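All ligand and atom numbering here is 1-based and tracks the order in the structure. On a predicted model such as this, the values are computed, not experimentally measured, just so you know.
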Amino acid sequence: MSEERSLNFIEEIIENDLNSGKYETLITRFPPEPNGYLHIGHAKAICLNFGLTQKYGGYTNLRFDDTNPVTEKTEYVDSQQADIKWLGFQWKNELYTSDYFDTLYDFAVQLIEQGLAYVDHSSAEEIAQLKGTPTEPGTDSPYRSRSVAENLDLFTRMKAGEFGDGVCTLRAKADMASPNMIMRDPVIYRIKHADHHRTGSKWCIYPMYDFAHGQSDSIETITHSICTLEYVSHRELYDWFIEKLGIFPSHQYEFARLNLTYTVMSKRKLLQLVNENTVSGWNDPRMPTISGLRRRGYTPASIREFCERIGIAKRENLIELSLLEFCIREDLNKTASRVMAVLDPIKMVISNYPAGQTEILIGENNPDVEANAGTREIPFSSELWIEREDFMEEPAKKWFRLAPGAMVRLKHAYIVKCDSFVKDEEGNVTEIHCSYIPESKSGEDTSGINVKGTIHWVSTAAAKTAEIRVYDRLFTVEAPDSEEGDFKDYLNPNSMKVIKQAYIEPYLANADINARYQFIRKGYYCLDTDSTPENLVFNQTVGLKDAWAKGNK
Ligand code: ATP
Ligand code: MG
C-alpha cells in the first residue's frame, strides 16, 4: 500500500462528526443504477465508500438505484454485485430503491397535503419554457394553484394508471424564483407504463432521482451520502425534501468523478459500444469496466491501489491511463511467474548440439521477489524458436543481440554464437544457425565469456502454441467525450492485435485462469476466458515499459 497520506476532505468531515458526537456510527452507501456494468469510475466510489467504513467502523449499504424501469436489468444487478465482491468489499445490506416505492409514494402524498407538491398537466416543453433562466425567475405553471384535494385526487389517479405516459407529472412546489434552477419546482414523479425488473407491473409512476435518492438515504439513516460533483446543485433540493418531510437528516458530500485518458466512462456510452459490437461485450479486455479489467488481468489490489493514489479531489481532473498501468505493473512485478514465449518466431538451429537430445533446465519462477516462488522445468534442444526482432542481419551500433558472428546468452541456458543464416526467395531470414558454448550453462558457467545480451527462446520440440491478444488504448484521443462530433469517431482501429500462433513453454500448457505471467522481455499476460486446453488464448495485461513512472514519479 501507499505511504502514509494526509486525510482527504471527506475523512476530515467524518473525523469531526465522529469526534463531536454528531454521529455514533458511520453509515455510507454505494448506490449504482443497475443499467450497465460497473467501470473503473465506480471502483473509485466503491473504494471510497467502503474504505471509509473499513477505516472508521460502521457499515456500507449496497443500494441499487432502480427508479428507471426501462434501462434496468437483473443481469446488471448480478454483475455489479460480483464486481464489488471481486474488488474485495462486502456490503452490510443489499437494498433497492424500488423497495421504498410505497414509502416514497407516502412522502409525495405528505408533501401534497402540506401544500408543497402539485400535479402539473403541462408538457415537458411547457415546463422547460416556464423555467426561466439563471438570471430571470421562472413563471408559475397554470396548475400550480391546484387545491390539495384536487392534487390528492389527481395523484391517486396517476398511480391508478388513468393517464398515459407524460400526460402529467407531480412537481414539488419549491421556489420558481430560486437562483438554483433545480429548485424551480422540480418534477418528482412521472408516469411510465413499463414493467420494472423487481416490482413488475405494480407501478406506472416512478419517482425521479432527486426525490428518491435523499429520502432513500434518510430511510437507511445514511450519515454521509457521497456522490460526484454534478450533484452539487442538487444538494439544496436534497436538504429541502428532508427538512419538509421531517425525516432523518442525511447529508450529501460531493467529490470529483474519475476521468481517465483514452476512454469513456459513462455506462450509456459503454452500452453503445457493446450493442454496436465495437467490442465483444461488457467484459471485453479493452473496456474500462471492472469485468473488462479483470479479464485483461488486472488484480483487485492494483485497482484499489490506483484509487488510493488518485485520491479524493474537489475539482474535476483527467487521470492518465498510464497511472493505472503503472499500478498493475507494480503488483504483477511482485507476483507474476517469469516464463518464456516467442510471439514472432524464427527458427534457431544449434549445429553442435546433438539433434534429438533434450536437456531439462531449471528456471526460477520469480527471481525478483524474496519469497520463494518455486522453479519449473524448461526443455532445451538443438532447435529453438527465438524472437525475429532479436536478430539483425546488419546490426546497428550498440546492438547486443544476435547478428552474424555475434554472441548472446539464451536465458536459463547457454551462450550461442551466430554462424550463418538462411533466407528465402523474398529475402526474409528463415533460419539462424548457431553454435553453443558447452561450458557456458547458466549457473555453472566456466567459459569466461562475457556477453551483453540475453534473449528468450522456446524449444521447437517442446513448444506449445497459443493465441495471444495484445491490446492498445480504445480511443486515439485523450478525452473522446470532449472532442467535436461523436465519441465513436475517435475509436482506435488498432486497439487489438491478435497473434494467432505464438510459441510458449510447455509449462504454460497448464496455465491457471487466475495466474498471472510475465513473458520475459514482453509484458504481463494471463489466460483469457476464451481459452481452452486445446486452444490456449492469452491476453496481454500490460507491456513492460514503465512510461508513467519515468515521467511522473
Ligand atoms: P454512469 O454515467 O457511468 O452510468 P452514474 O453516475 O450514472 O455513471 P451510477 O450507477 O448512478 O452511475 O453511479 C453509482 C455511484 O458511482 C454514484 O455514487 C456515482 O457518483 C459513482 N460514480 C459513477 N461514475 C463515477 C466516476 N467516473 N468517478 C467516481 N464515481 C463515480
Ligand atoms: Mg446514473
- Which atoms of ligand 1 have any heavy atom of P32 under 4.0 Å away? 10 (O), 14 (C)
- Query: Do Y143 and Y118 pass the ring-ring contact (aromatic ring centres under 6.0 Å, His included) test, and can you show the C-alpha distance, the side-chain angles, and the key distance before you say yes or no?
  - Reply: CA-CA 7 Å; Y143 305 98; Y118 60 99; 8.5 Å; no
- Query: Would you say the side chain of P186 lies within less than 4.5 Å of the side chain of F211, judging by non-hydrogen atoms?
  - Reply: no
- Any salt bridge between E11 and K55, counting N to O under 4.0 Å? yes
- Would you say ligand 1 has an N or O under 3.5 Å from any N or O of C227? no
- Task: Please work out which of K269, E230, K267 has its closest non-hydrogen atom nearest to atom 1 (P) of ligand 1.
- Result: K267
- Do ligand 1 and L258 have nitrogen or oxygen atoms that lie under 3.5 Å from each other? yes
- Counting N and O atoms only, with roles assigned by atom type, does the side chain of N61 sit under 3.5 Å from a partner on the main chain of R63, one being a donor and the other an acceptor? no
- Note on the structure: Atoms of ligand 1 under 4.0 Å from any heavy atom of A45, numbered from 1 in the order shown, are 16 (O), 21 (C), 30 (N)
- Query: For ligand 1, which atoms have a heavy atom of E33 less than 4.0 angstrom away?
  - Reply: 9 (P), 10 (O), 11 (O)
- Query: To the nearest 0.5 Å, how far apart are CE in M158 and OG1 in T156?
  - Reply: 10.0 Å
- Item | Numbering as shown, the atoms of ligand 1 that approach T228 to under 4.0 Å (heavy-atom distance) | 20 (O), 29 (C), 30 (N), 31 (C)
- Task: Please answer whether the main-chain N or O of E325 pairs with a side-chain N or O of S322 as donor and acceptor at a distance below 3.5 Å.
- Result: no
- To which of P288, P31, S266 does the heavy atom nearest atom 17 (C) of ligand 1 belong? P31
- Atoms of ligand 1 less than 4.0 Å from H39 heavy atoms? 3 (O), 24 (N)
- Determine, step by step, whether F306 and F326 satisfy the ring-ring contact (aromatic ring centres under 6.0 Å, His included) criterion, reporting the C-alpha distance in whole Å, the side-chain angles of both residues, the deciding distance to 0.1 Å, and the verdict. CA-CA 9 Å; F306 170 72; F326 171 83; over 10 Å; no
- Item | Ring-ring centroid check H196 F101, cutoff 6.0 Å | yes
- Message: Below 4.0 Å from ligand 1: does a non-hydrogen atom of F30 turn up there or not?
- Response: yes
- Task: Examine R29 against ligand 1 and note whether any of their N/O atoms are separated by less than 3.5 Å.
- Result: no
